[in-house]
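Labels below follow one simple rule: chain letters A, B, ... track the order of the sequence lines, proteins then strands, and each chain is numbered from 1. Predicted model only: the values in this text are computed from it and were never measured. Keep in mind that the numbers below use all heavy atoms, side chains included, and drop hydrogens, waters and symmetry copies.
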Amino acid sequence: MSTKRTLDAFFTPTAKKSRKEDESAEIIRHSTHASYPMAISELPSSISKELSSLPARPGREINDQPDLDLIYYEPYIPSYLTNKLFEFLRSELPFHRVEYDINRGGYKTHIRTPRYTTVFGLDETARFDEDGSVVDAKSGFKVDDKRYERYPPRPIPKCLDDLRRSAEAATDCRFNFCLVNYYASGADSISFHSDDERFLGPDPAIASFSLGARRDFLMKHKPVAPDDQNPDRPQPKQLKLPLASGDMILMRGRTQSNWLHSIPKRTGKNAGDGGRINITFRRAMVKDGTENYYNYNVGTGPVYRWDKTMREMRLSSAKDQLEGKP
DNA sequence: GTACCTAAGCTAT
DNA sequence: AATAGCTTAGGTA
């Protein structure tokens, strides 16, 4: 942006500001909470308003395979919004690279999650009251200190809650959790799994948004038990959806109990041109869900934030966080 | 066609 | 909720 401006022009009151100046002049509000590592900016009100009137096009049902029940919004968010939203969320959200140990064939292996993650939300048995305290959903009384001892639950910040409310209106589903993944390059991935945890209840509905680089989303049916009636029955076919910026997939019904999905590693020109953000909304029914999601998507490690100069995720020091620096 | 290369897919741990 | 190592697929000269 040019900073050149004559003194005359500076002192001459302008009748009307340009649209761009109006946006930059807007007072930026923040979502704050004791559990946040730093305040999280709200979206400019113009973008926030536009999210409320989505999707851009109706979704398409994909249910031509056994146990598969998807609605594919291609796109959900129009292209003139996706770039701003992607850049905004990548810059504003606190991310983590969670590490943990697993047992693999008798050997202990250390895992460094191959993507950046973050999470906000609280299961159905509790809610945040007006001043941010966690209260029991039924009684309204502040919960026992030991109930969410390991990780203080974090309310969904307004910038993500705008999208949550949009998704609820579009799908007629209810969501209380928001998981965010950042795949920095084709080397970042998630292996085949289902979102079939008990704490989501049976047949959970999950809304999954894509922003940024296009990445392949693979789906395959869980292994089918041999069928005495028809031993040669063909296996359900595998799907490959090239998810693009602004797309949304609603997975529902028997999908999670019967299908696996993944974002495989990609190399070379198939790696995806830059980073990709995935945002999923879901509804955890019990306390275990809150514990599990914070454990695997926040953990106990440091915060990473997007460095606009280096154009990469950087460790964010405690000092910077206190001072509200990026 | 065939050798050679890279990427993608599969499987045991 | 993952990875290494092997096999297979696919492109190109």
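Listed in residue order, the members of residues 182-200 of chain A having a heavy atom less than 4.0 Å from DNA chain C are A:I190, A:S191, A:H193, A:D195.
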Please produce a list of atom pairs where a protein N or O lies less than 3.5 Å from an N or O of nucleotides 4-13 of chain C.
none

Close N or O pairs between protein and nucleotides 5-8 of chain B (under 3.5 Å):
from, atom 1, to, atom 2, distance (Å)
B:dA7, O5', A:T267, OG1, 3.2
B:dA8, OP1, A:N270, ND2, 3.1
B:dA8, OP2, A:T267, N, 3.4
B:dA8, OP2, A:T267, OG1, 3.2

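Rounded to whole Å, atom C1' of B:dT13 lies 18 Å from atom NE2 of A:H110. Taking atom NZ on A:K108 and atom C1' on C:dA2, their separation rounds to 17 Å, with Å as the unit. Atom-to-atom, CG of A:L218 to C1' of B:dG9 comes out at 10 Å; the value is rounded to the nearest Å. Look at CG on A:D288: it is 17 Å from P on C:dA1, rounded to the nearest Å. Here the C1' atom of nucleotide C:dA2 and the CG atom of A:N103 are 13 Å apart, to the nearest Å. What separates CD1 of A:I102 from C1' of B:dA12 is a distance of 13 Å, to the nearest Å. To the nearest angstrom, P of B:dG9 lies 16 Å from CE of A:M219. What separates OH of A:Y100 from C1' of C:dA1 is a distance of 4 Å, to the nearest Å.
Under a 3.5 Å cut-off, the side chain of A:S35 and the backbone N or O of A:P152 do not form any donor-acceptor pair.
Counting heavy atoms from C-beta on, the side chains of A:D123 and A:F199 never come closer than 4.5 Å.
Cation-pi geometry between A:R97 and A:Y116 is satisfied (NZ or CZ under 6.0 Å from the ring centre, within 45° of the ring normal).
Remark: A:Y182 engages A:R90 in a side chain to side chain donor-acceptor pair (under 3.5 Å) (not counting sequence neighbours). In this view, A:S257 satisfies the side chain to side chain donor-acceptor pair (under 3.5 Å) rule with no residue, not counting sequence neighbours. Remark: A:Y296 pairs with A:Y100 by the ring-ring contact (aromatic ring centres under 6.0 Å, His included) rule, at least two apart or across chains.
For A:D172, the CG atom sits in a loose shell: 12 or fewer heavy atoms of surrounding residues, nucleotides or ligands are nearer than 6.0 Å. Applying the 6.0 Å contact sphere to NZ of A:K222 captures more than 12 heavy atoms from other residues, nucleotides or ligands.
Separating the CE atom in A:M248 from the CD1 atom in A:I77 is a distance of 9.0 Å, to the nearest 0.5 Å.
Nucleic acid contact for A:P114: sugar-phosphate only, since backbone atoms but no base atoms lie under 4.0 Å from a heavy atom of the residue.
If you chain together hydrophobic residues whose side chains sit under 4.5 Å apart, A:Y73 and A:L163 fall into the same group. In the hydrophobic cluster analysis, where Ile, Leu, Val, Met, Phe, Trp and Tyr join through side-chain heavy atoms closer than 4.5 angstrom, A:M219 is grouped apart from A:L250.
Under 4.0 angstrom from either OP1 or OP2 of C:dA1 there lies at least one side-chain N or O belonging to A:R115.
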